[in-house]
Amino acid sequence: MIKSEGIHHVSLSVIDLNKAKHFYGTVLGFKEIERPKFDFPGAWYQIGLSNYI
C-alpha cells in the first residue's frame with residue numbers, strides 16, 4: 001500500500017467561477033489565498049497547514 005503525506009495541489013475546471021468561489025470559500029470554509037496574475041480568472045485555496053506558502 002502506498003502511504004501519502006499530503007497533496008500539493010489540485011486543479012479543477014469550473015463553468016461559473018463565482019458559484020465555485022462561494023462553494024469552496026463559504027460553504028466549505030476554505031481560505032482563499034493569493035494566486036499569480038495569470039491571463040485567465042481563477043482562485044486558489046489553502047486547505048489545512050501548508051509548508052508551501
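Being a predicted model, the structure only gives us computed values, none of them experimental.
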Indicate the atoms forming the closest heavy-atom contact of Phe30 with Ile47, along with that distance.
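Minimum heavy-atom separation between Phe30 and Ile47: CE1-CD1, 3.4 Å.
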Are Val27 and Val14 joined in one hydrophobic group, where the rule is that I, L, V, M, F, W and Y side chains link up if heavy atoms are under 4.5 Å apart?
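No, it is not one cluster - the side chains of Val27 and Val14 are not joined through contacts under 4.5 Å.
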According to salt bridge (Lys or Arg N to Asp or Glu O under 4.0 Å), does anything in residues 35-48 pair up with another residue at least two apart or in another chain? List the pairs.
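Qualifying pairs, neighbours excluded: none.
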Distance-only donor-acceptor hits, side chain of residues 15-24, under 3.5 Å, sequence neighbours excluded:
from: Asp16; atom 1: OD1; to: Asn18; atom 2: N; distance (Å): 3.1
from: Asp16; atom 1: OD1; to: Lys19; atom 2: N; distance (Å): 3.0
from: Lys21; atom 1: NZ; to: Glu32; atom 2: OE2; distance (Å): 3.3

